[in-house]
Amino acid sequence: MTRGRFILLEGCDRAGKSTQCAMLIAALKEKGHSVELCKFPDRTTTIGQMIHAYLTNAKELDDRAIHLLFSANRWEAMQSMKRKLEAGTHLIVDRYAYSGVAFSTAKGLDLTWCKNPDKGLVRPDITFFLDLPTAEAEKRGGFGDERYEKRELQERVREVFLQLRGKEWVMIDARETVQSMHHKILREAEEKIRVGELDGRFAEEDDVLLDDMFID
Ligand code: DGP
């Protein structure tokens, strides 16, 4: 049995990540794959509840303290995510460490400092970046009341995201229709899964989970 693939969807607020995650999961399940959603921040844990209080402006926290909480929220999920991947379940992940670095760096923290706490997290096999110009994001019903839903910050977040672009990234234009984005994401995700399943075609290390997020 081959391990599951870690399929990440990243992007700015309002780009349609959650919709695309749901559609991808439904399509892969229909094709008989074992697949699960992981969403960050996971607001159900104790740490996640502190993050929720911060995002909804119910609680003030130092920028570095909240950065570390977002990172801890990913670390607390790591053992369970690894177990699932090793058991052959594909994980569709809605935001991850790239969001962590992009938001905090956009607020003015140092990029290298921001990467450090997430170093050593499991690395995604493929990252879809749903790219949406901030002006377009604003048109989508306007930003709501959560802390980061402000135009200038979102613009800086997008710039940092683009700076972080890794080898495993696939750019998706989030101005396209929901269906058109879905077809592209599904095609690439299936290809990633298929490649993982082909016996002997790939080097052994392709089947080892890499704990090297942000390690050069
Ligand atoms: P969501 O639940 O996907 O709508 O995300 C909530 C908000 O939190 C959104 O504005 C993006 C931001 N966010 C997500 N992950 C992180 C992170 O790791 N660090 C920081 N600072 N912000 C994040």
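All ligand and atom numbering here is 1-based and tracks the order in the structure.
Those atoms of ligand 1 that come under 4.0 Å of a heavy atom in G100, given as number and element, are 17 (C), 18 (O), 19 (N). Heavy-atom proximity to S104, at under 4.0 Å, picks out these atoms of ligand 1: 21 (N). Those atoms of ligand 1 with a heavy atom of L55 less than 4.0 angstrom away are 6 (C), 7 (C), 8 (O).
Taking the six-membered ring where the residue is Trp, the centroids of F70 and F40 are separated by 6.0 Å or more.
If you check which protein heavy atom lies closest to atom 11 (C) of ligand 1, you get F103 CZ, 3.3 Å. Protein heavy atom in closest approach to atom 12 (C) of ligand 1: Y148 CD1, 3.6 Å. Nearest non-hydrogen protein atom to atom 9 (C) of ligand 1 is D13 OD1, 3.5 Å.
Between R95 and ligand 1, a contact under 3.5 Å exists for at least one N or O pair. Considering backbone and side-chain atoms alike, K39 places an N or O below 3.5 Å from some N or O of ligand 1. Any N or O atom pair closer than 3.5 Å counts here, and R43 shares at least one such pair with ligand 1. At least one N or O atom of R74, backbone or side chain, sits closer than 3.5 Å to an N or O atom of ligand 1. Every N/O-N/O distance between D94 and ligand 1 stays at or above 3.5 Å.
T89 and E36 share no donor-acceptor pair across their side chains, judged by distance under 3.5 Å alone. Counting only N and O atoms by type, the side chains of S99 and E10 include a donor and acceptor under 3.5 Å apart.
For the pair R147 and Y54, the cation-pi criterion (under 6.0 Å, within 45° of the ring axis) is fulfilled.
Taking the six-membered ring for Trp and thresholds of 30 and 60 degrees, H90 and H33 have ring planes more than 60 degrees apart, a perpendicular arrangement. Between Y98 and F214, the angle of the ring planes goes over 60°, which puts this pair in the perpendicular group of the 30/60° scheme. Ring-plane geometry between F129 and W169 is classed as parallel, the angle between the planes falling under 30 degrees on a 0 to 90 degree scale with a further cut at 60.
Salt bridge E149/R14: present, at least one basic N to carboxylate O contact under 4.0 Å.
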